[in-house]
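Contents: one structure, followed by commentary.
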Protein chains: 2
Amino acid sequence: MSSANSLAVEDLGSAAQRDRRKRILDATIALASQGGFDAVQMRAVAERADVALGTLYRYFPSKIHLLVSALQREFERTEVALRDKPVEGDTTADRVINVLKRTTRGMQSDPKLTEALTRAFMFADASVAAEIHQVGMLLTSMLTRAMYPEGHEVTEDDVQIARVIGDVWLSALVGWVTGRTNAVETGQQIEVAVKLLLRD
Amino acid sequence: MSSANSLAVEDLGSAAQRDRRKRILDATIALASQGGFDAVQMRAVAERADVALGTLYRYFPSKIHLLVSALQREFERTEVALRDKPVEGDTTADRVINVLKRTTRGMQSDPKLTEALTRAFMFADASVAAEIHQVGMLLTSMLTRAMYPEGHEVTEDDVQIARVIGDVWLSALVGWVTGRTNAVETGQQIEVAVKLLLRD
DNA sequence: CCGCAAAGTGGAACGTGTTCCTATTTTAGC
DNA sequence: GCTAAAATAGGAACACGTTCCACTTTGCGG
């Protein structure tokens, strides 16, 4: 189970190792941001991160692991940023829509990067389940936090609704990434779904 | 726009060409069914379809196009089968759930094939937009037909709801394909979403 | 400080998707 | 039926993800 996973930050003992990991993810983001999924080439990442190819594979066992881990780091940063700026909006639906639109806008401001991360996420197979699960939990918790003001209890139903919304958001993102929908339509799609799901 | 698309059946003049196309898609399905996405290797498909590699690429410009076109053909067959057997169920939600569960069961009976087709669908980039769009339309129309008995007018709102349901179904399928959820959970996920979305 | 196990380096090598090129076969128009 | 164009065959070649190996460096327990 754990043999094929990416090395998480907590697993890394020395500062040099944490730094290597950071350099690798930075290089990944930079290349993705510039040329999308195809531009994230393992040799290029290794070179840019000043790391041997074998080392890169020691930290991240595949290109997909690498990109999903990069997504995870970005998402964690987004979540921290959200914690600082509590969500505005009077109703549950409004707050959720605001969170999603803010996040979506952020991603749309760097289309190539979003394309790379989204496609990696969707292409991931069972070996990336652990990393994918992490991202899914982050997304769900971002949404449930938006649904309720501080301290409110979150029921199992709420989690299910959040998951459904997360699913729709992902599908909308995929549609946008693949050029089937534009930014406006993506926003509408999310709004429709949230309003339908949170109309109480 | 059209330069990079797969050759559709309508584009093919001669019977020999239609037959080649069919052989290629048959080979694709067979290989996918047996070994999943990775087993669908272009050389293997070409050999099994008794076609040169160059010819394969002339019919389908990439592995993704090939698999998405195979998905499209399978989906069209599913839709035809559904037309014959009208959906049972008293409420809108029941009918939609039945259609989706029936389709999902069909896919789960051939996990490798489903894995191959689903991953191709999710990995597709902008160059496959046309084929993807076709599949999306098929799915939406399957759902709207399930929502209403014959002849009822379908509003824009209905289409939007159908799209949201389709999104959730796809995400659920991806979760199942990647081993994050099992068959039961997948069914529940769909049921939850449909009940939330069609509760009027 | 030594010695050794773990981690990292540099690069060759392999598999599979994709491209390309040259013959050969099929098709269509006359 | 003949010929030019299009389609197909057969296969070499290339790109990039991935694996592997021999060597060097790092870090740590004694």
Side-chain angles (χ1 to χ4, degrees), chain A residues 3-9 11-24 27-28 31-32 34-70 116 119-120 123-125 127-128, chain B residues 3-9 11-24 27-28 31-32 34-70 116 119-120 123-125 127-128:
Chain A
S3 64
N5 282 168
S6 315
L7 266 52
V9 195
D11 302 339
L12 298 172
S14 81
Q17 286 177 318
R18 271 191 296 280
D19 190 56
R20 262 193 207 92
R21 193 187 138 98
K22 177 180 183 313
R23 287 206 311 274
I24 292 173
T28 303
L31 288 169
Q34 183 185 330
F37 187 87
D38 291 339
V40 181
Q41 301 184 357
M42 299 306 268
R43 289 173 180 83
V45 172
E47 188 175 356
R48 181 156 189 153
D50 204 27
V51 136
L53 191 54
T55 305
L56 172 53
Y57 273 95
R58 163 170 253 286
Y59 280 71
F60 302 96
S62 79
K63 173 169 174 172
I64 300 294
H65 282 85
L66 173 60
L67 280 165
V68 172
S69 298
R119 287 182 67 204
F123 191 60
D125 68 359
S127 75
V128 205
Chain B
S3 64
N5 282 167
S6 314
L7 265 52
V9 195
D11 302 339
L12 298 172
S14 82
Q17 286 177 319
R18 270 190 299 279
D19 189 57
R20 260 193 207 90
R21 192 188 136 98
K22 176 179 184 316
R23 287 205 311 274
I24 291 173
T28 303
L31 288 169
Q34 182 184 331
F37 187 88
D38 291 340
V40 181
Q41 300 184 359
M42 299 306 269
R43 289 172 182 83
V45 172
E47 188 176 355
R48 180 156 191 152
D50 203 29
V51 137
L53 191 54
T55 306
L56 172 52
Y57 273 95
R58 162 170 252 285
Y59 280 72
F60 302 96
S62 79
K63 173 170 173 171
I64 299 295
H65 282 84
L66 173 59
L67 280 165
V68 173
S69 298
R119 287 183 65 203
F123 190 59
D125 67 358
S127 76
V128 206

Subject >> 5' priority, DNA chain C, between B:M42 and A:R23 [closest heavy atom] >> reply: A:R23
Original post:
Could B:K63 and B:F37 be counted as a cation-pi pair, given that NZ or CZ must be under 6.0 Å from the ring centre and within 45° of the axis?
Top reply: yes
**OP:** Give one of base, sugar-phosphate or nothing for B:V45, where a contact means two heavy atoms less than 4.0 Å apart.
**Re:** nothing
Original post:
What are the two closest non-hydrogen atoms of A:G36 and A:A116, and how far apart are they?
Top reply: C-CB, 3.8 Å
Subject >> Euclidean distance, B:N5 CG relative to B:H65 NE2, rounded to 0.5 Å >> reply: 5.5 Å
Subject >> Nearest-0.5 Å distance that lies between atom CG in B:D50 and atom CG in B:D19 >> reply: 10.5 Å
Original post:
Out of curiosity, A:L56 CG to A:E47 CD, how far, rounded to the nearest 0.5 Å?
Top reply: 12.0 Å
Original post:
Using a heavy-atom cut-off of 4.0 Å to chain A, what are the terminal contacting nucleotides of DNA chain C, in 5' to 3' order?
Top reply: C:dA7 to C:dA13
**OP:** Report the residue (A:D50 or B:K63) whose heavy-atom-nearest nucleotide on DNA chain C is the more 5′ of the two.
**Re:** A:D50
**OP:** Would you kindly compare A:Y57 and B:R58 by the position of their nearest DNA chain D nucleotide and give the one closer to the 5′ end?
**Re:** B:R58
Subject >> Point-to-point distance, once rounded to the nearest 0.5 Å, from CD1 of B:I64 to CG of B:D125 >> reply: 8.0 Å
**OP:** With DNA chain D as reference, determine whether A:D38 or A:G54 sits nearer its 5' end, using the nearest nucleotide of each.
**Re:** A:D38
Original post:
Which value, rounded to the nearest 0.5 Å, describes the distance between A:L31 atom CG and A:L66 atom CG?
Top reply: 9.5 Å
**OP:** Assign B:R20 to base, sugar-phosphate, or nothing according to its heavy-atom contacts below 4.0 angstrom with the strands shown.
**Re:** sugar-phosphate
**OP:** Anything under 4.0 Å to a heavy atom of chain B counts; send over the first and last such nucleotide of DNA chain D, read 5' to 3'.
**Re:** D:dA7 to D:dA13
**OP:** Nearest 0.5 Å please: distance from the CE atom of B:M42 over to the OG1 atom of B:T28.
**Re:** 7.5 Å
